[in-house]
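One structure is given below, encoded as structure tokens.
Chain identifiers are assigned alphabetically (A, B, ...) following the order of the sequence lines, protein sequences preceding nucleic acid strands; residue numbering begins at 1 within each chain.
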4 protein chains.
Amino acid sequence: MPPTAPAKRAPRAAPTRTNDPERTTANILEVATHAFADKGFDGARIDEIAEAMHTSKRMIYYYFGSKEALYLAVLEGAYQRMRAAEATLDLDALPPAKALEALVGFTHDYQLANPDFVRLVANENMLHGAFLKQSKTIREQNASAITTVQRVCERGVRDGVFRGDLDPIDLHMSISALCFFNVANRYTFSLIFERGPTLPKSAVAKRRERIVEMVLRFALK
Amino acid sequence: MPPTAPAKRAPRAAPTRTNDPERTTANILEVATHAFADKGFDGARIDEIAEAMHTSKRMIYYYFGSKEALYLAVLEGAYQRMRAAEATLDLDALPPAKALEALVGFTHDYQLANPDFVRLVANENMLHGAFLKQSKTIREQNASAITTVQRVCERGVRDGVFRGDLDPIDLHMSISALCFFNVANRYTFSLIFERGPTLPKSAVAKRRERIVEMVLRFALK
Amino acid sequence: MPPTAPAKRAPRAAPTRTNDPERTTANILEVATHAFADKGFDGARIDEIAEAMHTSKRMIYYYFGSKEALYLAVLEGAYQRMRAAEATLDLDALPPAKALEALVGFTHDYQLANPDFVRLVANENMLHGAFLKQSKTIREQNASAITTVQRVCERGVRDGVFRGDLDPIDLHMSISALCFFNVANRYTFSLIFERGPTLPKSAVAKRRERIVEMVLRFALK
Amino acid sequence: MPPTAPAKRAPRAAPTRTNDPERTTANILEVATHAFADKGFDGARIDEIAEAMHTSKRMIYYYFGSKEALYLAVLEGAYQRMRAAEATLDLDALPPAKALEALVGFTHDYQLANPDFVRLVANENMLHGAFLKQSKTIREQNASAITTVQRVCERGVRDGVFRGDLDPIDLHMSISALCFFNVANRYTFSLIFERGPTLPKSAVAKRRERIVEMVLRFALK
DNA sequence: CATGAATGAGCATTCATTCAT
DNA sequence: AATGAATGAATGCTCATTCAT
């Protein structure tokens with residue numbers, strides 16, 4: 001018998017009536033984020049999300065209207081949290097090389113600590129960016145994202161520590177690529193090592209070091 | 001209209017009866033590869049794959065037995081073609097630095113030319129490597145893949161042109177990461193530029209150059 | 001007609017939305033009981049059951065989860081109704097011979113009046129008892145069933161009216177066999193008479209008499 | 001993957017080309033008899049029957065034309081073998097009581113030894129005798145079957161050892177019922193004993209004895 | 001006589017969604 | 001603000017059967 005269906009009238013855990021819209025939506029988003037990150041948009045099931053929530057499944061439609069709208073909200077939330085974390089970095093206070101190092105380190109650490117975000121982005125690419133296109137919010141945030149790298153680059157070039165032909169967008173891409181891959185391609189890559197998808201702590205630290213070094217070697221004169 | 005109309009579907013494009021199993025399976029695999037790469041395992045529909053084939057949908061089950069088995073066959077084919085292409089590289093004939101450059105260039109070019117492969121791998125990671133685990137074939141091929149990088153590294157270190165602490169697995173990861181991202185994260189990344197997901201030719205060449213340079217700067221003493 | 005007609009099925013009899021789970025499940029069970037009894041588990045079609053219901057086919061899965069679970073529920077219901085009817089017999093109030101007569105009569109009459117029950121049991125045997133094995137409910141009810149015969153036997157033996165070597169299980173089997181066959185083997189047996197599967201009233205009465213007599217002659221000293 | 005489909009081109013054991021139609025048909029019938037007896041008409045699968053044969057599945061259609069025709073042939077064969085065995089009984093050589101005893105004993109023993117026959121008959125009843133109706137062969141054989149009992153009855157009544165109101169058809173029914181049930185209702189009945197569906201040898205002998213006794217007690221004056 | 005390749009029609013089941021309260 | 005009941009439209013899959021050689 002499928003776990004999703006009521007199947008024989010066992011109406012499960014008693015959906016705690018919160019009477020608190022904010023808590024309810026937050027709970028839905030949290031559960032949905034895990035679900036969409038874990039299974040992707042097509043693989044995730046509204047029923048399963050409902051099962052893992054504290055409120056009833058009907059609430060998803062009450063507050064979000066559709067699976068697509070819920071997914072969009074999840075995606076926007078994930079991007080927003082990432083940008084918020086990024087915003088705490090005060091790169092301008094650091095000399096360019098240190099700033100770049102900090103940026104790469106942050107990117108690496110954040111993605112490692114937030115595989116849900118990484119997987120949501122990977123899934124969004126599987127969907128040809130269908131939802132991202134719809135989101136004004138994310139587009140605006142991303143626009144500002146590139147200026148962060150840009151400012152570091154400019155300062156570095158001006159100070160003569162970075163090579164003159166440094167392209168911020170290209171650099172941003174390289175940083176993202178190196179950090180993203182660790183998390184996003186865990187499962188296929190780990191086959192080479194013949195071990196589990198998550199690296200031991202020491203290997204993670206080593207990998208982090210090398211990514212930072214790779215980017216800096218490339219940027220420095 | 002009578003109340004219980006038979007409602008027969010209009011028989012599509014004339015299913016050319018090949019009586020040629022090899023052609024039939026090849027056709028199924030080709031169509032399925034596009035479909036799974038385009039929509040992912042969960043998003044792809046057996047019915048849609050059938051629609052795009054020259055034979056009937058029933059043949060999928062005749063030759064492959066299930067959606068899962070078909071997907072696995074698709075995945076194995078994609079990996080096999082990639083390794084076959086890689087095998088044509090004669091890196092041993094080149095000096096280490098040139099060999100590394102050739103390897104990075106090949107990886108970049110192959111993935112750019114074969115987004116289906118890239119997307120299948122990305123999707124497989126969304127599925128936590130569920131299918132890759134099942135495939136002896138792929139595991140064996142991957143094992144040999146790492147030795148290619150390894151040999152180049154060893155020669156480079158021995159010759160004193162590469163840094164002594166070069167880790168082949170780590171290098172392989174960096175190369176993969178940089179090349180993979182271009183294709184896999186096209187849709188989310190292109191939002192930054194506010195243009196379409198595929199870069200103009202000149203930009204592609206520029207990106208290729210920089211990836212090669214980044215890797216070489218890192219590997220060289 | 002356009003080449004790609006939507007071909008919508010004519011919506012049947014108006015699915016009265018009861019909003020009454022009990023009525024809905026009862027309706028499903030009733031219809032399914034007839035269907036499974038008529039065609040057996042493998043012969044019965046979920047679609048046909050749906051067609052005969054007052055609610056939509058989807059409700060079967062909403063309330064029962066699968067064809068197998070529905071069949072099990074049907075089987076359990078059939079056994080339960082039989083045991084409930086049996087429980088109304090107050091055999092202890094009758095002298096042993098009369099009690100045995102009443103028991104045989106009841107068995108005969110119930111099975112004749114409930115061919116659905118008989119056929120479900122016959123079908124369950126075709127399935128090697130696959131579903132019965134799963135049902136705690138039925139196993140428990142059956143356990144108590146044998147005690148009914150047992151008590152009558154014991155009293156009859158104690159009173160000296162029944163033969164001393166009477167085996168309750170064996171007697172139960174004989175009674176069941178004689179009554180079951182009338183209904184279960186109707187179609188093959190009626191070929192001998194070259195008439196329809198159901199006997200005329202007078203013949204039924206005669207047969208009942210003889211079954212009762214056969215059992216009593218065997219049990220009495 | 002389902003065991004029936006070719007699924008990945010393993011064309012199984014090499015279908016021995018017999019070039020002997022009689023052996024081929026006999027083989028098909030034998031395998032089909034087991035299959036239909038085991039799973040019933042609806043539960044049996046042409047593919048599974050083919051799998052268990054020495055020739056290819058296509059032969060079923062070559063020699064029998066359809067699943068229905070094959071089933072009918074199986075049914076006719078089963079009845080024919082039973083009647084053939086019955087024909088070896090020389091009841092006329094025995095005094096009436098001994099003849100009846102022999103007949104009951106034979107019926108019991110044959111059905112116990114040939115559960116396939118019993119299950120085919122049970123299944124045929126589930127199908128409302130749909131196939132039996134079509135078979136001239138079986139109808140003719142059955143007609144003669146009743147005369148066997150009839151002759152024994154007549155002799156017994158004439159000799160004054162059997163009760164005068166003995167009805168051959170009714171007696172035939174009782175004999176059949178008692179013997180059939182043992183085999184046909186094995187699975188549901190065994191639940192009462194809480195043991196496996198087949199009785200130990202001693203219990204079988206005991207049950208046989210009691211059936212014989214029950215019939216004789218009823219028939220004798 | 002024999003068969004590998006191919007299939008239309010149907011089957012159980014699932015999914016996101018809406019109705020009625 | 002919240003929800004249990006209900007569902008149309010697919011979805012992956014199977015079955016007996018036929019075609020072409």
- More 5' along DNA chain E: C:Asp42 or A:Asp42, using each one's nearest nucleotide?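 Final value for this comparison: C:Asp42.
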- Could you pick out which residue, C:Lys57 or A:Arg58, lies toward the 5' side of DNA chain E when each is mapped onto its nearest nucleotide?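 Nearest nucleotide further toward 5': that of C:Lys57.
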- Message: Let's test this: given Watson-Crick or G-U wobble pairing with both distances under 3.5 Å, identify the partner of F:dA20.
- Response: E:dT3
Does the side chain of [X] get closer than 4.0 angstrom to OP1 or OP2 of [N] through an N or O atom?
| X | N | answer |
| --- | --- | --- |
| C:Thr24 | F:dA6 | yes |
| D:Tyr61 | F:dT17 | yes |
| C:Tyr62 | F:dA6 | no |
| A:Tyr63 | F:dA2 | yes |

- Query: Taking all non-hydrogen atoms of both residues, which atom of B:Asp116 and which atom of B:Ala37 are closest, and how far apart?
  - Reply: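 Taking every non-hydrogen atom into account, OD1-CB, 3.3 Å.
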- Heavy atoms only: give me the nearest C:Met126-D:Ala122 pair and the separation to one decimal.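 Minimum heavy-atom separation between C:Met126 and D:Ala122: SD-CB, 4.3 Å.
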- Query: Taking the side chain of B:Ser56 as heavy atoms from C-beta outward, which of E:dC11, E:dT3, E:dT7 is closest to it?
  - Reply: E:dT7
Could you give the [atom1]-to-[atom2] distance, from [X] to [N], as a whole number of Å?
| X | N | atom1 | atom2 | value |
| --- | --- | --- | --- | --- |
| C:Ile28 | E:dA12 | CD1 | C1' | 15 Å |
| C:Asp20 | E:dC19 | CG | C1' | 16 Å |
| B:Met59 | F:dT14 | CE | P | 14 Å |
| A:Ile46 | E:dT17 | CD1 | P | 6 Å |
| D:Asn27 | E:dC1 | CG | P | 17 Å |
| C:Asp47 | E:dT13 | CG | C1' | 11 Å |
| B:Glu48 | F:dA10 | CD | C1' | 11 Å |
| A:Glu22 | F:dA1 | CD | C1' | 15 Å |

- Query: Looking at residues 66-74 of chain A, who's got a heavy atom less than 4.0 Å off DNA chain E?
  - Reply: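 Here the set is A:Ser66, A:Lys67.
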- Task: Kindly indicate, with the supporting measurements, whether the criterion side chain to side chain contact (heavy atoms under 4.5 Å, CB included) is fulfilled by C:His128 and D:Arg119.
- Result: CA-CA 11 Å; C:His128 304 268; D:Arg119 290 175 64 84; 3.2 Å; yes
Judged by atom type as modelled, is there a donor-acceptor pair below 3.5 Å linking the side chain of [X] to the main-chain atoms of [Y]?
| X | Y | value |
| --- | --- | --- |
| C:Asn27 | C:Met53 | no |
| D:Lys133 | C:Tyr187 | no |
| A:Glu124 | A:Leu132 | yes |

- Message: Between D:Gln134 and D:Leu72, is there a side-chain heavy-atom distance shorter than 4.5 Å?
- Response: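 D:Leu72 reaches D:Gln134 side chain to side chain.
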- Compare all side-chain heavy atoms of D:Leu70 with those of D:Phe36 and state whether any distance is below 4.5 angstrom. yes
- Report which part of the nucleic acid D:Phe64 touches: base, sugar-phosphate, or nothing (heavy-atom distance under 4.0 Å, all strands).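 Counting heavy atoms under 4.0 Å across all strands, no contact is made by D:Phe64.
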- Task: Classify the side chain of C:Arg45 versus the base of E:dG10 as yes if they form a donor-acceptor pair under 3.5 Å and no if they do not.
- Result: no
